[in-house]
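Report on the structure given below.
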Amino acid sequence: KKGYMITLANEEDGTGKSKNYIALEEDVVINELPNYLLNNISFIRVVPWNWVTKKGIGGNEIGLQNGWFYRWNNNGQSTLDTEYAPMSWGAGVANDDNDVALYRSKYKATHVLAFNESDNCNDQSGQYSNLCQTDVAVAFYKNLMKTGLRLVSPSGRENAPFGWLKEFYDKATAQNIRIDVIGVHWYDWASGPENSPNANPQTVFNRFKDYLQRVHDLYKLPIWITEFNANPNRTTSVNLEFMKLALPYLENLEYVERYAWFQPNSDVADYYDTSGNLTDVGNFYKNQI
């Protein structure tokens with residue numbers, strides 16, 4: 001029925017060959033299942049589907065008219081108006097049935113975000129439990145299938161989709177491990193931003209567009225941009241003008257399902273000033289329809 005999603009899988013625990021269907025705008029009638037599910041379904045989970053805006057927030061910001069948020073953890077809560085997307089930040093929150101039960105129990109949760117920058121062996125989640133090794137990451141990620149929720153890939157550093165994540169994706173799909181969405185981070189690091197604090201925002205935006213297109217061309221899957229800005233080494237003005245170009249574009253880009261601006265730091269492109277009032281950046285983000 002309209003307003004629900006269903007996940008079907010071969011194995012009783014939700015692993016194995018699986019498929020997710022969403023009745024977003026109308027009832028969905030499935031006249032023919034994939035061959036791998038015919039007479040071979042041992043797991044069914046139906047979950048209410050929420051309509052949310054593309055615009056989201058990373059962290060605990062409020063008052064920005066966002067439809068969803070995440071907090072780099074799995075302990076947040078949705079409200080009537082905003083959907084919380086839990087994240088399995090690292091291996092320690094994807095390694096046992098208690099973790100699976102927690103994700104399943106989340107009010108209004110429809111997705112689980114996988115590991116945060118697990119492509120980095122020296123920082124973020126990749127430094128723990130050998131998670132930066134793709135075989136290890138795939139094994140932990142497989143447990144998330146047991147939630148019956150829609151799964152967002154690990155969100156790696158800027159180059160991850162063309163290296164680490166591609167290796168992860170190939171190994172996962174070869175083992176019938178479902179990936180529904182590709183998660184990305186983008187800060188324009190490849191352009192050498194340390195030496196261009198006053199870069200042309202249009203040029204930065206053009207690189208951003210090209211990046212997203214290359215990711216989509218490679219995976220042919222929806223994209224969530226869970227962190228992005230014009231770079232913390234660039235001025236607030238550059239970041240704001242980049243945001244003015246990027247947000248309307250993302251709203252109209254079909255294959256980008258969700259995005260969340262990441263504030264570079266408290267001195268650059270922050271949503272709020274030191275008095276707690278919205279800055280120009282915060283007002284533009286809030287007012288983006």
Side-chain angles (χ1 to χ4, degrees), residues 4-22 34 36-37 39-50 58 68-79 83-119 121 124-156 164-165 167-183 221 224 226:
Y4 291 87
M5 77 174 188
I6 187 169
T7 301
L8 311 171
N10 294 158
E11 303 297 330
E12 290 184 6
D13 64 357
T15 60
K17 295 180 179 180
S18 65
K19 179 77 173 175
N20 175 270
Y21 295 94
I22 302 164
Y36 58 80
L37 289 176
N39 301 311
N40 195 25
I41 295 172
S42 300
F43 175 97
I44 299 174
R45 186 167 189 213
V46 178
V47 176
W49 179 261
N50 311 307
W68 69 282
F69 71 104
Y70 78 103
R71 294 169 55 184
W72 293 276
N73 60 32
N74 61 10
N75 59 19
Q77 296 292 337
S78 298
T79 68
E83 178 188 287
Y84 170 65
M87 173 183 277
S88 176
W89 186 87
V93 281
N95 63 352
D96 61 38
D97 290 342
N98 290 329
D99 296 321
V100 172
L102 176 63
Y103 298 125
R104 281 182 176 176
S105 71
K106 287 293 181 182
Y107 168 61
K108 291 183 68 170
T110 55
H111 295 76
V112 176
L113 289 156
F115 319 123
N116 190 70
E117 297 195 351
S118 45
D119 57 304
C121 296
Q124 297 298 316
S125 67
Q127 65 184 305
Y128 303 110
S129 304
N130 296 316
L131 197 62
C132 66
Q133 298 176 20
T134 52
D135 288 327
V136 173
V138 168
F140 281 114
Y141 176 90
K142 181 179 179 180
N143 291 329
L144 301 178
M145 296 181 71
K146 300 174 184 178
T147 65
L149 298 176
R150 205 157 174 252
L151 302 180
V152 183
S153 77
S155 295
W164 187 94
L165 185 62
E167 184 177 310
F168 173 95
Y169 174 88
D170 290 343
K171 290 178 178 179
T173 53
Q175 298 174 53
N176 300 312
I177 297 172
R178 178 169 44 86
I179 299 172
D180 299 300
V181 180
I182 298 298
L221 287 172
W224 284 24
T226 53

Should [X] and [Y] count as side-chain neighbours, where that means a heavy-atom distance under 4.5 Å?
{"X": "S42", "Y": "E11", "result": "no"}
{"X": "Y21", "Y": "Y4", "result": "no"}
{"X": "F168", "Y": "D119", "result": "no"}
{"X": "W49", "Y": "T110", "result": "yes"}
{"X": "L151", "Y": "V181", "result": "no"}
{"X": "T79", "Y": "F69", "result": "no"}
{"X": "E83", "Y": "H111", "result": "yes"}
{"X": "Y107", "Y": "Y84", "result": "no"}

Partners meeting side-chain contact (heavy atoms from CB on, under 4.5 Å) with N10 (sequence neighbours left out)
K17, L37, N40
Smallest separation among heavy atoms of [X] and [Y], with atom names:
{"X": "L149", "Y": "D180", "answer": "O-OD2, 4.3 Å"}
{"X": "A85", "Y": "W224", "answer": "CB-CZ3, 4.3 Å"}
{"X": "Y70", "Y": "M87", "answer": "CE1-CE, 3.7 Å"}
{"X": "R71", "Y": "G76", "answer": "NH1-CA, 3.5 Å"}
{"X": "N176", "Y": "M145", "answer": "O-CE, 3.8 Å"}
{"X": "S153", "Y": "I182", "answer": "OG-CA, 3.5 Å"}

Hey, are R45 and T7 close enough side-chain-wise for a donor-acceptor pair under 3.5 Å?
no
Does a side chain donor of either E117 or S125 reach within less than 3.5 Å of an acceptor in the other side chain?
no
Residues which pass side-chain hydrogen bond (donor to acceptor under 3.5 Å, both in side chains) with S105, listed by chain and number, not counting sequence neighbours:
none
Please name all residues satisfying side-chain hydrogen bond (donor to acceptor under 3.5 Å, both in side chains) with E167, sequence neighbours left out, ordered by chain then number.
T134, K171
Any chance you could measure [X], atom [atom1], to [Y], atom [atom2], to the nearest 0.5 Å?
{"X": "N143", "Y": "N95", "atom1": "CG", "atom2": "CG", "value": "7.5 Å"}
{"X": "W164", "Y": "C121", "atom1": "CH2", "atom2": "SG", "value": "9.5 Å"}
{"X": "D13", "Y": "K142", "atom1": "CG", "atom2": "NZ", "value": "7.5 Å"}
{"X": "L144", "Y": "R178", "atom1": "CG", "atom2": "CZ", "value": "10.0 Å"}
{"X": "F140", "Y": "N130", "atom1": "CZ", "atom2": "CG", "value": "9.0 Å"}
{"X": "N73", "Y": "S88", "atom1": "CG", "atom2": "OG", "value": "11.0 Å"}

Residues, nucleotides or ligands: over 12 heavy atoms within 6.0 Å of F43 CZ:
yes
For [Y], does its backbone N or O pair with a side-chain atom of [X] as donor and acceptor, under 3.5 Å?
{"X": "N50", "Y": "K108", "value": "yes"}
{"X": "Q127", "Y": "Q124", "value": "yes"}
{"X": "K19", "Y": "I6", "value": "no"}
{"X": "N98", "Y": "A101", "value": "no"}

Do the ring planes of F115 and Y141 sit parallel (below 30°), tilted (30 to 60°) or perpendicular (above 60°)?
perpendicular
Check step by step if side-chain contact (heavy atoms from CB on, under 4.5 Å) holds for W89 and L113.
CA-CA 8 Å; W89 186 87; L113 289 156; over 6 Å; no
